[in-house]
Amino acid sequence: MSTFQAPKGTYDLLPPRSATFLAVREAISGPLRNSGYGYVETPGFENVELFSRGVGESTDIVSKEMYTLTTKGGDQLALRPEGTASVLRAALQGNLHKAGLLPVKLWYSGSYYRYERQQAGRYRHFSQVGAEAIGSEDPALDAELIILADQAYRTLGLRNFRVLLNSLGDKECRPVYREALQTFLRGLDLDAETVRRAEINPLRVLDDKREEVQKQLVGAPMLRDYLCDACKAYHEEVRALVTAAGVAFEDDEKLVRGLDYYTRTTFEFVHDGLGSQSAVGGGGRYDGLSEMIGGPSLPSVGWALGVDRTVLALEAEGVTLDIPAATSVFGVALGEEARRVLFGKVTELRRAGIAADFAFGGKGLKGAMKDANRSGARFAAVLGERDLAEGVVQLKDMQSGEQGPVALTDLVDVLRSRLA
Ligand code: AMP
């Protein structure tokens with residue numbers, strides 16, 4: 001072991017488990033790539049203000065969990081704690097939002113950083129795949145995103161997840177509700193920190209998991225009763241479209257999410273096998289965010305699904321993904337000249353698009369065949385000195401154990417057809 005360990009709250013992705021992470025990223029992004037979403041990649045850090053203005057000063061993410069730094073040039077930067085603000089910034093900066101091109105549909109995959117208290121399923125460095133549909137107020141987009149996330153989870157074989165759905169209203173009706181909720185909260189017996197939160201962001205108090213708080217919230221005014229007609233109609237349309245797609249969801253009036261930018265639709269995907277960190281993904285509509293970061297009005301909707309927790313959910317359900325062996329052919333050579341020739345053949349196979357690996361390190365036949373086995377390759381190509389003299393290579397089918405000579409010059413063609 002080296003002197004160094006991965007920093008607290010982080011972990012390394014190593015084979016073979018890392019293959020599952022790749023497959024999860026692939027499975028989540030597949031439905032997006034198939035639905036008109038283009039790939040976007042943004043820097044791992046941004047100006048701190050993008051997040052404090054976008055995500056919100058009052059949120060835990062910004063006030064407690066952000067990794068901030070001052071560069072030698074004096075810039076205040078933050079490691080990105082989430083994807084939406086960066087992607088919207090990039091779309092605005094790149095002028096993707098010209099009239100006639102809306103909505104701009106983008107997907108991304110990357111690392112995010114939050115200085116959180118470490119526990120199972122909660123890390124300081126984690127990985128998300130996300131999607132944003134920017135610049136249209138269309139309930140079908142909200143529905144599309146919920147349906148695509150459901151499809152991704154189902155493709156992976158997950159079953160024990162639920163979709164929670166809510167509407168947070170808009171700039172017309174939410175302030176009225178906020179006022180009513182605040183008045184209600186002022187009459188409760190809450191600790192100083194919660195009283196402070198009630199003043200800055202009263203909706204977050206609804207999300208408080210502590211029983212002594214939840215007990216007092218019985219009878220609190222509910223947003224549902226304050227939604228304006230436009231928000232109500234919008235929400236009903238989202239619900240109808242999701243229902244028509246056969247995706248079951250639960251109405252959850254307390255779902256407010258931990259970011260300030262959400263308006264109208266909010267949703268979360270929770271998995272029942274994960275204990276307290278049960279959210280595997282979440283998202284919603286953020287009609288005001290563009291203006292909050294200095295852009296034009298661009299009503300938008302998006303989600304981010306956590307890759308780490310999706311892998312934990314798969315493990316909790318005992319689902320193992322069918323990940324094909326990375327290597328199809330494994331070359332084993334005995335003797336210097338055979339080694340040179342077979343290494344050349346392996347290169348040829350690779351250039352022909354056949355996944356091939358080679359016994360490195362000058363091992364003997366036994367050790368090299370062990371490597372071949374471990375690689376999961378379908379075929380081992382064994383070249384000894386006598387084979388070389390005869391211009392053949394012994395091709396062994398690792399599944400059936402059958403073995404026979406193939407002319408060296410035919411190796412690529414034979415393997416191509418036998419692997420087809
Ligand atoms: P959020 O936008 O905070 O709801 O995050 C979206 C998803 O990212 C969550 O549902 C989690 O799956 C994942 N996620 C967020 N924070 C963490 C974390 N600290 N560790 C692992 N996964 C996380």
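Note: hydrogens, waters and symmetry copies are ignored here, and every other heavy atom, side chains too, is used. For ligands, and for the atoms within them, numbers begin at 1 and follow the listed sequence.
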State whether the shortest distance between N or O atoms of Gly281 and N or O atoms of ligand 1 falls below 3.5 angstrom.
yes
Which atoms of ligand 1 are found less than 4.0 Å from any heavy atom of Arg122?
19 (N), 20 (N)
Would you check if the side chain of Glu132 reaches a backbone N or O of Ser300 as a donor-acceptor pair within less than 3.5 Å?
no
Among Gly306, Pro81, Gly121, Gly282, the residue with a heavy atom nearest to atom 21 (C) of ligand 1 is Gly121
Looking at Arg124, Arg114, Glu116, the heavy atom closest to atom 19 (N) of ligand 1 belongs to Glu116
Would Val280 count as a contact residue for ligand 1, given that I'm defining contact as a non-hydrogen atom of the residue lying under 4.0 Å from a ligand atom?
yes
Atom indices of ligand 1, in the order listed, that fall short of 4.0 Å to a heavy atom of Ala304:
6 (C), 7 (C)
Consider side-chain contact (heavy atoms from CB on, under 4.5 Å). Of Thr263, Thr265, Val256, which one does Leu168 pass it with?
Val256
Nearest heavy atom to atom 20 (N) of ligand 1, choosing from Tyr115, Tyr112, Tyr113, Tyr123, belongs to Tyr123
All side chain to side chain donor-acceptor pair (under 3.5 Å) counterparts of Gln214, not counting sequence neighbours:
Lys254
Quick one: look at Phe126 and ligand 1, take heavy-atom pairs under 4.0 Å, and tell me if it's side chain, backbone, both or neither.
side chain
side-chain contact (heavy atoms from CB on, under 4.5 Å), that's the test. Do His235 and Leu165 meet it? Break it down for me.
CA-CA 10 Å; His235 195 55; Leu165 186 61; 3.9 Å; yes
For the residue pair Tyr226 and Arg174, establish whether any side-chain heavy-atom pair is separated by less than 4.5 Å.
no
For ligand 1, is any non-hydrogen atom under 4.0 Å from Gln128's backbone (N, CA, C, O), its side chain (CB onward), both, or neither?
side chain
Set out, in order, the CA-CA distance, both residues' side-chain angles and the distance that settles side-chain contact (heavy atoms from CB on, under 4.5 Å) for Phe249 and Asp251, then state yes or no.
CA-CA 7 Å; Phe249 60 86; Asp251 293 302; 3.6 Å; yes
Across all chains, not counting sequence neighbours, the side chain to side chain contact (heavy atoms under 4.5 Å, CB included) partners of Asp322 are none
Hey, is ligand 1 close enough to Ala279 that some N/O pair sits below 3.5 Å?
yes
